[in-house]
Amino acid sequence: MFMLTCCSKRRDVATALPVDLMALDPPSVPVTGFRPVERAAGIDFRWVTGPQATLTLTLDAPRRLKLAFTASNPLAGQTITVLLQGRPVASFEAIPGADRLTGFTRYEADLDLQAGVNTVALAFERYNRRTPEETFAPEDKEGLAIMISGLEITPASL
């Protein structure tokens, strides 16, 4: 069995694939820009904040993995770029806007990770409070970008 080893200042964790960002709170891998799991209308979700949210993965050997996430986007015309080590590997453009807890769409990207530390990021062109026109939650001080109801990292062959 392939093991994914991740390290964090708060704990050392060895996690078998798949990594499921909705399974544990806090997540089993170090992250930034992912808010805690919430539940509304029978749906578990996390807000992801802009301009960028990251996951840090540490591998013993190079490996091709698949990032898959299911997201609802509140801002029409959103672009989500998947970055690996700061370089774009996938982009999803002109994403339509959806009302809260609706319009969930699945996105996938293959990732060729190296041995050692890997940073995977989701970068957002639009997010709450970036401009007055993009402000949909004025009371929230964070740059809410999308809601995810699932985010997994699995071997690319699955």
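In terms of modelled atom types and a separation under 3.5 Å, the side chain of T49 and the main chain of G33 share a donor-acceptor contact. Checking side-chain atoms of R129 against main-chain N and O of E142 turns up no donor-acceptor pair under 3.5 Å. The closest donor-acceptor contact from the side chain of Q78 to the backbone of E125 lies under 3.5 Å. The backbone N or O of F136 sits less than 3.5 Å from a side-chain atom of N128, completing a donor-acceptor pair. A distance-only check finds a donor-acceptor pair linking the side chain of T131 to the backbone of E134 [under 3.5 Å].
With contacts defined as side-chain heavy-atom distances shorter than 4.5 Å, the pair V89/V120 does not qualify. Two residues are said to be in side-chain contact when any heavy atoms from C-beta on lie closer than 4.5 Å; T79 and S91 meet this criterion. A heavy-atom distance below 4.5 Å is not found between the side chains of M147 and I43. Q85 is listed as a side-chain neighbour of N118, based on a closest heavy-atom distance under 4.5 Å.
Smallest separation of non-hydrogen atoms from A98 and G103: CB-CA, 3.9 Å. Between Q52 and A123, the shortest heavy-atom contact is OE1-CB, 4.0 Å. Annotation for V31 and P27: closest pair CG2-CG, 3.7 Å, computed over non-hydrogen atoms. In this structure, S149 and M22 approach most closely via the heavy-atom pair O-CG, 3.6 Å. Residues L101 and A41 approach most closely at CD1-CB, 4.0 Å, considering heavy atoms. Taking both residues in full, the closest heavy atoms of A145 and G50 are given as CB-N, 3.9 Å, listed atom of the first, atom of the second, then distance.
L67 is connected to L84 through a chain of hydrophobic side-chain contacts under 4.5 Å among Ile, Leu, Val, Met, Phe, Trp and Tyr, so both are in one cluster. Cluster membership for V82 and L75, using ILVMFWY side-chain heavy atoms within less than 4.5 angstrom, is not shared. Both L113 and V19 belong to a common hydrophobic cluster when Ile, Leu, Val, Met, Phe, Trp and Tyr are linked at side-chain heavy-atom distances under 4.5 angstrom. When hydrophobic clusters are built by joining Ile, Leu, Val, Met, Phe, Trp and Tyr residues whose side-chain heavy atoms come closer than 4.5 Å, directly or via intermediates, L122 is not grouped with F104. No single ILVMFWY cluster, assembled from side-chain heavy atoms under 4.5 Å apart, contains both F124 and L83.
Rounding to the nearest 0.5 Å places CG of D44 at 4.5 Å from CZ of R39. Once rounded to the nearest 0.5 Å, the distance linking CG of D140 with CH2 of W47 reads 8.5 Å. With values rounded to the nearest 0.5 angstrom, R126 atom CZ is found 11.0 Å from I95 atom CD1. Between L144 atom CG and Y127 atom OH the span is 12.0 Å, to the nearest 0.5 Å. The structure places CZ of R46 at 4.5 Å from CG of D25, a figure rounded to the nearest 0.5 Å. Atom OG1 of T154 and atom CG of L65 lie 7.5 Å apart (nearest 0.5 Å).
The ring pair (Phe, Tyr, Trp, His ring centres under 6.0 Å) analysis of residues 54-103, with sequence neighbours excluded, yields the pairs F69-Y107, F92-Y107.
Partner of L151 under the side chain to side chain contact (heavy atoms under 4.5 Å, CB included) criterion, out of T70, V48, L55: L55 alone. Considering R63, R64, K66 in turn, R64 is the only one that fulfils the salt bridge (Lys or Arg N to Asp or Glu O under 4.0 Å) rule with D112.
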